[in-house]
Each structure stands twice: as structure tokens, then as C-alpha cells.
*Asks:* 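Input: one structure, supplied below.
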Amino acid sequence: MDIVQPLYLGVVGKPAFHSLSPPMHTAVMKKLGIKGSYLPFEVDDFEKAVIGAMGLGFRGLNVTMPYKEEAYRLADEVSDDVKIVKAGNTILFECGRIKVFNTDIYGFSESIKKAGFSADGKRVAVIGAGGAARSIVYSLVVSGAKVIHIFNRTYEKAVKIKEDIESCVGEKITIEVSGLNNIDFEDFDIIVNATNIGWNNENLYEVLGVYPRRRPKNSKSDKLFFDTIYVPTKFIAIARELGYSFLDGKWMLVLQGAMSFKIWTSVYPNENVMMKALNRAIKERYNQGRK
Ligand code: NAP
């Protein structure tokens with residue numbers, strides 16, 4: 001009997017059971033004929049979970065909120081971009097060591113490119129200052145954004161991202177920071193929702209206390225509203241209704257997942273297989289009852 005060691009993977013977070021990474025990775029493993037499992041783990045003690053998974057012979061893990069910064073702290077080795085953003089979403093167990101990578105940076109920048117947009121020379125508002133925002137801000141620096149302004153409920157967390165990234169990229173760009181209620185959409189070309197607001201059908205514009213103005217008919221100037229959330233949100237629906245370009249977080253999720261899979265297996269998987277599985281799972285789990 002030919003017994004091949006199964007590939008064990010998973011996603012760790014709190015919450016984690018909502019994650020659609022499991023169907024995406026399961027579809028790719030099936031397509032490639034790889035035996036194994038990708039499972040969600042909702043945990044209170046992140047360190048214990050990671051050490052336990054390593055002990056059980058897992059090849060790797062994805063890390064989701066709120067543990068991306070803890071993944072950085074727990075690492076034995078980190079990639080160069082993780083050193084800068086101080087947050088990781090992909091763990092590889094190799095030779096008894098915890099190696100941490102960040103594929104959200106790739107997922108964000110490539111999803112924007114795939115949709116035909118560029119951050120080069122643009123004024124960008126990033127709403128949120130968690131692990132995802134850290135990766136997005138760094139991705140924007142690398143992509144040549146002209147202005148990056150972080151808006152966050154907890155002001156100090158936005159300041160910390162500014163300090164961490166500016167200290168690594170030097171004079172390249174000045175990152176601005178504000179509390180959540182100071183945004184003027186007219187100041188920006190790209191507006192990114194990197195908060196959790198929208199998963200439960202909440203309206204981010206209500207939380208911000210301001211709506212974008214309707215785009216004038218035949219206006220050449222556009223704005224891109226990008227939501228990291230990959231299920232339908234009011235943030236996107238309203239931007240669309242007001243006449244602006246929009247992009248949800250589905251391609252970001254697929255692309256970060258594809259790059260994580262490559263880190264674990266050396267194989268870059270078929271993105272369309274992942275997207276198809278993601279769309280199916282979203283339809284099954286989320287579309288019912290949403291406006
Ligand atoms: P996180 O580290 O927990 O950060 C959450 C952020 O949301 C913080 O800035 C937090 O503000 C803010 N927030 C949460 N609830 C809020 C509320 N009621 N009012 C105001 N602000 C609130 O999480 P994360 O890992 O950065 O993830 C953030 C979002 O990005 C999530 O929705 C996640 O699903 C999404 N994401 C998507 C992808 C993708 O591939 N599409 C990848 C990564 C993340 P405070 O700092 O004030 O707490």
C-alpha cells in the first residue's frame with residue numbers, strides 16, 4: 001500500500017469559522033490530487049494553537065484577525081516584508097521552525113491590478129489600523145501612492161502603523177493619521193475599508209458620520225471604493241449607487257490564498273479554481289437575507 005503523508009493546513013483566528021479559506025484551499029487540493037485537509041480553528045490561545053499544529057505535523061497555517069501581529073512576534077524567521085509591517089498571515093513549519101510570511105500585501109496589490117486600477121500617484125484613505133491595514137499601507141507605499149491617510153477608531157494604532165512603516169521606508173512617503181470621524185471623501189482617489197465593519201450588514205458611512213457626494217454625471221474623475229470584506233456590503237453597494245468604481249475583497253482573498261499555497265507546496269495554484277469555490281461558498285453562506 002502506498003501511503004503518502006497527508007497535507008495538513010488550516011486557518012487560525014477568532015472568529016475563524018466564518019472564513020472561506022477552507023473551501024478555497026480544499027478545491028485546489030482536490031484539483032491537484034493532494035491528500036489532506038484545510039480546517040478552521042477558532043482559538044483563545046494563539047501560541048498554544050500554533051505550537052500544537054506544528055507538533056501534529058501541519059505544513060502551515062493562515063492567520064486571521066486578531067492574531068496577525070502575534071504571528072510576527074511568535075516567528076523564528078520572517079520574510080523581509082513581515083519585518084516591515086510586523087504582521088503575518090501565513091505560517092510555514094519547516095525544520096522545526098515557525099516561518100512567517102505576509103501574502104495580504106500581494107493579495108491587495110495584485111487584486112487592484114487585476115481590476116485595472118493602480119495606486120501609483122493616488123491619494124488613498126485606509127479606514128482601519130489592524131493587521132490588514134498594515135499590509136495594505138505597506139503595499140500602497142511600494143505601489144507609489146502619493147498620499148496615504150489612515151483613519152481609525154483607536155488613534156494610537158494608526159500612529160503605530162505610521163511609525164513602523166515610515167521608519168523602514170524612510171523619506172519615501174509621509175503617512176497621515178486621524179480618528180474615524182474626520183474623513184472627507186473628496187480628498188481621495190481610493191478609499192479602502194480595512195475594518196470589520198460590514199460583515200454583519202453594518203453601514204460604514206453611518207459609523208464615519210459622512211457619505212460620499214454623488215459622482216456628477218459625465219464626470220471624468222472617478223474614485224475606487226475597495227472593501228477588504230468579501231461578502232456584499234453597504235460600503236460597496238452605496239459607492240456603486242453613487243456612481244463610483246468599486247471592488248470587494250474576493251480577489252484579494254483568492255490571491256493571498258494562492259500565494260500562501262505556493263509557500264506551503266511550491267505550487268502556485270489555479271486562481272480560477274479558488275475563485276469558483278469562493279463564489280460557491282459565498283452564495284451558500286452569505287447571500288441569503290442580504291440586501
Ligand atoms: P483586526 O486586526 O482585528 O483589525 C480590525 C480593525 O477594524 C481595527 O482597525 C478596528 O479598530 C476596526 N474596527 C472593528 N470594529 C469596529 C467598530 N465597531 N468601529 C470602528 N472600528 C472597528 O482585523 P484585520 O485582520 O485587520 O481585518 C480587518 C478586515 O479586513 C476584516 O473584515 C477582514 O475580514 C478583512 N480582511 C480581508 C482580507 C482579504 O483577503 N479579502 C484579508 C485580510 C483581512 P480599532 O483599532 O479601534 O479596534
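Every value quoted in this text rests on a predicted model; they were computed, and no experiment measured them. Both backbone and side-chain heavy atoms feed into the values below; hydrogens, waters and symmetry mates do not. All ligand and atom numbering here is 1-based and tracks the order in the structure.
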*Asks:* Does the ring center of Phe108 lie less than 6.0 Å from the ring center of Phe226?
*Replies:*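 Yes: the rings meet the under 6.0 Å criterion.
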*Asks:* Closest non-hydrogen protein atom to atom 34 (O) of ligand 1, residue and atom name please, with distance?
*Replies:*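 Going by distance alone, atom 34 (O) of ligand 1 is nearest to Trp199 NE1, 3.2 Å.
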*Asks:* Quick one: look up the protein heavy atom nearest atom 25 (O) of ligand 1 and list residue, atom name and how far away it is.
*Replies:*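 Sorting protein heavy atoms by distance from atom 25 (O) of ligand 1 puts Met65 CB, 3.5 Å first.
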*Asks:* Please compare Ala132, Gly130, Ala158 and report which has the shortest non-hydrogen distance to atom 1 (P) of ligand 1.
*Replies:*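 The nearest heavy atom belongs to Gly130.
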*Asks:* Using a 4.0 Å cut-off to any heavy atom of Ala129, which atoms of ligand 1 qualify?
*Replies:*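 Every atom of ligand 1 under 4.0 Å from some heavy atom of Ala129: 9 (O).
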*Asks:* Should one rank Arg153, Arg134, Glu69 by closest heavy-atom distance to atom 17 (C) of ligand 1, which comes out on top?
*Replies:*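 Among Arg153, Arg134, Glu69, the closest heavy atom to atom 17 (C) of ligand 1 belongs to Arg153.
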*Asks:* Looking only at atom types and distance, does a side-chain atom of Arg215 sit under 3.5 Å from a main-chain N or O of Ala239, one as donor and one as acceptor?
*Replies:*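 Absent.
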*Asks:* I'd like to know if the side chain of Asn203 and the backbone of Lys234 have a donor-acceptor N/O pair within less than 3.5 Å.
*Replies:*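 The answer is no, because no donor-acceptor pair under 3.5 Å joins these two groups.
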*Asks:* Taking Phe225 as the starting point, is it possible to reach Val124 by hopping between hydrophobic residues whose side chains are less than 4.5 Å apart?
*Replies:*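 Val124 and Phe225: separate clusters.
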*Asks:* Hey, is Lys157 touching ligand 1 through its side chain, its backbone, both or neither, going by heavy atoms under 4.0 Å?
*Replies:*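 Looking at Lys157 and ligand 1, just side chain atoms fall under 4.0 Å.
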*Asks:* For atom 31 (C) of ligand 1, state which one of Leu255, Leu180, Val207, Asn196 supplies the nearest heavy atom.
*Replies:*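 Among Leu255, Leu180, Val207, Asn196, the closest heavy atom to atom 31 (C) of ligand 1 comes from Asn196.
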*Asks:* Using the benzene-type ring in the case of Trp, are the ring centres of Tyr67 and Phe46 under 6.0 Å apart?
*Replies:*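 Ring centroids of Tyr67 and Phe46 are less than 6.0 Å from each other.
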*Asks:* Less than 6.0 Å separating the ring centroids of Phe235 and Tyr205?
*Replies:*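 Phe235 vs Tyr205: aromatic centres under 6.0 Å.
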*Asks:* Please work out, at 4.0 Å between heavy atoms, whether the side chain, the backbone, both, or neither of Ala194 comes within that distance of ligand 1.
*Replies:*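 The part of Ala194 near ligand 1 is the backbone, not the side chain.
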*Asks:* With a cut-off of 4.0 Å, which atoms of ligand 1 are near a heavy atom of Thr154?
*Replies:*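 Listed by number with element: 45 (P), 46 (O), 47 (O), 48 (O).
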*Asks:* Between Ile197 and ligand 1, which residue portion shows a heavy-atom distance shorter than 4.0 Å: side chain, backbone, both, or neither?
*Replies:*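 It is the side chain that touches ligand 1; the backbone stays farther off.
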*Asks:* Any heavy-atom pair between the side chains of Trp264 and Asn62 that's under 4.5 Å?
*Replies:*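 Contact flag for Asn62/Trp264 side chains = yes.
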*Asks:* Is Asn152 touching ligand 1 with its side chain, its backbone, both, or neither, if touching means heavy atoms under 4.0 Å apart?
*Replies:*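 The answer is the side chain.
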*Asks:* So, Asp76 side chain and Ile98 main chain: donor-acceptor pair closer than 3.5 Å or not?
*Replies:*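 Here the side-chain-to-backbone pair exists.
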*Asks:* Can a donor-acceptor pair be found, under 3.5 Å and without considering hydrogens, that links the side chain of Asn181 to the backbone of Val207?
*Replies:*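 Confirmed, Asn181 side chain pairs with Val207 backbone.
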*Asks:* Under 4.0 Å from a heavy atom of Ile229: give me the atoms of ligand 1 that qualify, with their elements.
*Replies:*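 Near Ile229, meaning under 4.0 Å from one of its heavy atoms, ligand 1 has 32 (O).
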*Asks:* Heavy-atom pairs closer than 4.0 Å: do any link ligand 1 to the side chain of Lys68, the backbone, both, or neither?
*Replies:*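 Only the side chain of Lys68 comes within reach of ligand 1.
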*Asks:* Looking at non-hydrogen atoms alone, which of Thr228, Asn62, Ile136 comes nearest to atom 37 (C) of ligand 1?
*Replies:*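 When every heavy atom of Thr228, Asn62, Ile136 is considered, Thr228 comes closest to atom 37 (C) of ligand 1.
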*Asks:* I'd like to check whether Thr195 has a polar contact with ligand 1, where a contact means an N/O of the residue lying under 3.5 Å from an N/O of the ligand.
*Replies:*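 For ligand 1, there is an N or O atom that lies under 3.5 Å from one belonging to Thr195.
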*Asks:* Please determine whether a side-chain nitrogen of the Lys or Arg among Arg123 and Asp189 lies less than 4.0 Å from a carboxylate oxygen of the Asp or Glu.
*Replies:*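 Here Arg123 pairs with Asp189 in a salt bridge, since their nearest N and O are under 4.0 Å apart.
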*Asks:* One thing to verify: whether Glu166 and Lys162 come together as a salt bridge, which I'm taking to mean a side-chain N less than 4.0 angstrom from a carboxylate O.
*Replies:*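 Answer for the salt bridge query: yes.
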*Asks:* Please compare Ala87, Pro15, Gly131, Gly198 and report which has the shortest non-hydrogen distance to atom 2 (O) of ligand 1.
*Replies:*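 Considering heavy atoms of Ala87, Pro15, Gly131, Gly198, the nearest to atom 2 (O) of ligand 1 sits in Gly131.
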*Asks:* Under a 4.0 angstrom heavy-atom cut-off, which atoms of ligand 1 come close to Gly128?
*Replies:*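 Here the atoms of ligand 1 in question are 9 (O).
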